[in-house]
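Please read the structure below before turning to the comments.
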2 protein chains.
Amino acid sequence: MEMNQFRNIADTLRRAGIPVTFQRLEIGRVLLSEPVHLSADQVLARVRETTPETSRATVYNTLKVFKEKKLIRELIVDPERVFYDSSTHPHYHIYDVTTGMLCDLPEDDLKVVGQPVLPPGMELEEVDVIVRVRSKAA
Amino acid sequence: MEMNQFRNIADTLRRAGIPVTFQRLEIGRVLLSEPVHLSADQVLARVRETTPETSRATVYNTLKVFKEKKLIRELIVDPERVFYDSSTHPHYHIYDVTTGMLCDLPEDDLKVVGQPVLPPGMELEEVDVIVRVRSKAA
DNA sequence: TTCCATGCAAAGGGTTTGCACTCTC
DNA sequence: GAGAGTGCAAACCCTTTGCATGGAA
């Protein structure tokens, strides 16, 4: 968690061609140290636990940069807020619409079979699969 | 399109247990006459073509009612706006992130295989599959 | 010095809410 | 006349933008 981890994150940023700054390291620490699914606001809150002067705009800027460099993945799952996923390899999600909890789906639970026929001039960006669940009425 | 269509929509509303009103018929005409994918604002615009005094709030209220009664399906595809789909049977979507165009995916293009293991006390609401595409860079 | 990153506050845009009016049963 | 549906405008919330400050090359 200490020096080594910061060095790792700094390396990750450099490899991605992102100039290293203090705030980016902090945001990277929150998002890139372990698999998480966080909204921008949750990222801000976690960063501010250790660096309270961090601005909301910087978090949004940095999330955008991380996303463009494919360090994180944007998940459109809830109309209220965007989530960011520190796992960028292809995988699917399960979303609890009652609590807002978002998790990875175990690899072998579901599989998508087939190739969509894309209109000419279009290229595939990604395939999102979201399993929506809710608590059973008592 | 004329009387018959309005009667059909009125019947659909009644069967769903939704009291029939003039605005609901108009919104139903826009959403329930043919397969469409529209945002709330697009629905409002189409309704206002024939009934200009319709309010935004009524459209949002009605969309919520239609969704609860499962006459339409809500599609969370774009962080900017929610889309409403007049087809409620299980099917998947293709979304052009450059233009915002949203279409149904042909039935046999993709198939989801397997059953997700749900946490106890949870029930499946639905499985969303979104194929995101973009125009190829020239 | 030039450029980019940052912080702050204000603006933006889709959606929701509060409230008064209207209509229906 | 009670309850629901509607219209209008203001409020809300997440996100973006404008602008001035500060730091790195």
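Predicted model, so just to flag it, every value in this text is computed and none were measured. A note on names: the letters A, B, ... follow the listed sequences, proteins ahead of strands, and every chain is numbered from 1.
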B/L13 CG - D/dG5 C1' separation (whole Å): 14 Å
Distance test, side-chain N/O of B/S55 to OP1/OP2 of D/dT6, below 4.0 Å: no
Aromatic ring pairing A/H37/A/H91, orientation class (parallel under 30°, perpendicular over 60°, tilted between): tilted
Rounded distance (Å) that lies between atom C1' of D/dA24 and atom CZ of A/R24: 12 Å
Residue-phosphate contact under 4.0 Å: A/S39 side-chain N/O, D/dC14 OP1/OP2: no
Interatomic distance, B/K64 NZ vs D/dT6 P [rounded to whole Å]: 14 Å
Value in whole Å for how far the P atom of C/dG13 lies from CD of B/Q42: 16 Å
Check ion pair B/R48-B/E53 (N to O, under 4.0 angstrom): no
Sugar-phosphate, base or nothing in reach of B/R56, heavy atoms under 4.0 Å: base
Which nucleotide in D/dA9, C/dA9, D/dC14 has an atom nearest any side-chain atom of B/A57: D/dA9
Distance-only side-chain donor-acceptor flag, B/D104 / B/Y92, under 3.5 Å: no
More than 12 heavy atoms of other groups within 6.0 Å of B/R132 CZ: yes
Selection from C/dG14, D/dC14, D/dC8 that lies nearest to any side-chain heavy atom of B/R81: C/dG14
Spacing of B/L63 atom CG relative to C/dT15 atom P, expressed in whole Å: 9 Å
Residue B/E53, side-chain heavy atoms: nucleotide from C/dT6, C/dT15, D/dG7 that is nearest: D/dG7
For atom CD1 of A/I18 and atom P of C/dT6, their distance in whole Å: 11 Å
Out of C/dG7, D/dG7, D/dG5, whichever nucleotide has its closest atom nearest the side chain of B/Q23: D/dG7
Atom-to-atom span, CG of B/L44 to C1' of D/dA9 - whole angstrom: 15 Å
Any B/T58 side-chain N or O less than 4.0 Å from OP1/OP2 of D/dG5: no
Closest listed nucleotide, where the reference is the side chain of A/T62 and the choices are D/dG5, C/dT6, C/dT17: C/dT6
Nucleotide of C/dT6, C/dT16, D/dT6 approaching B/Y60 most closely (side-chain heavy atoms): C/dT16
Flag for B/T54-B/T51: side-chain donor and acceptor within less than 3.5 Å: no
Sugar-phosphate, base or nothing in reach of A/T54, heavy atoms under 4.0 Å: sugar-phosphate
Whole angstrom value for the distance that separates P of C/dG14 from CD of B/E80: 7 Å
Touch class at under 4.0 angstrom, heavy-atom based, for A/P79 against every strand present: nothing
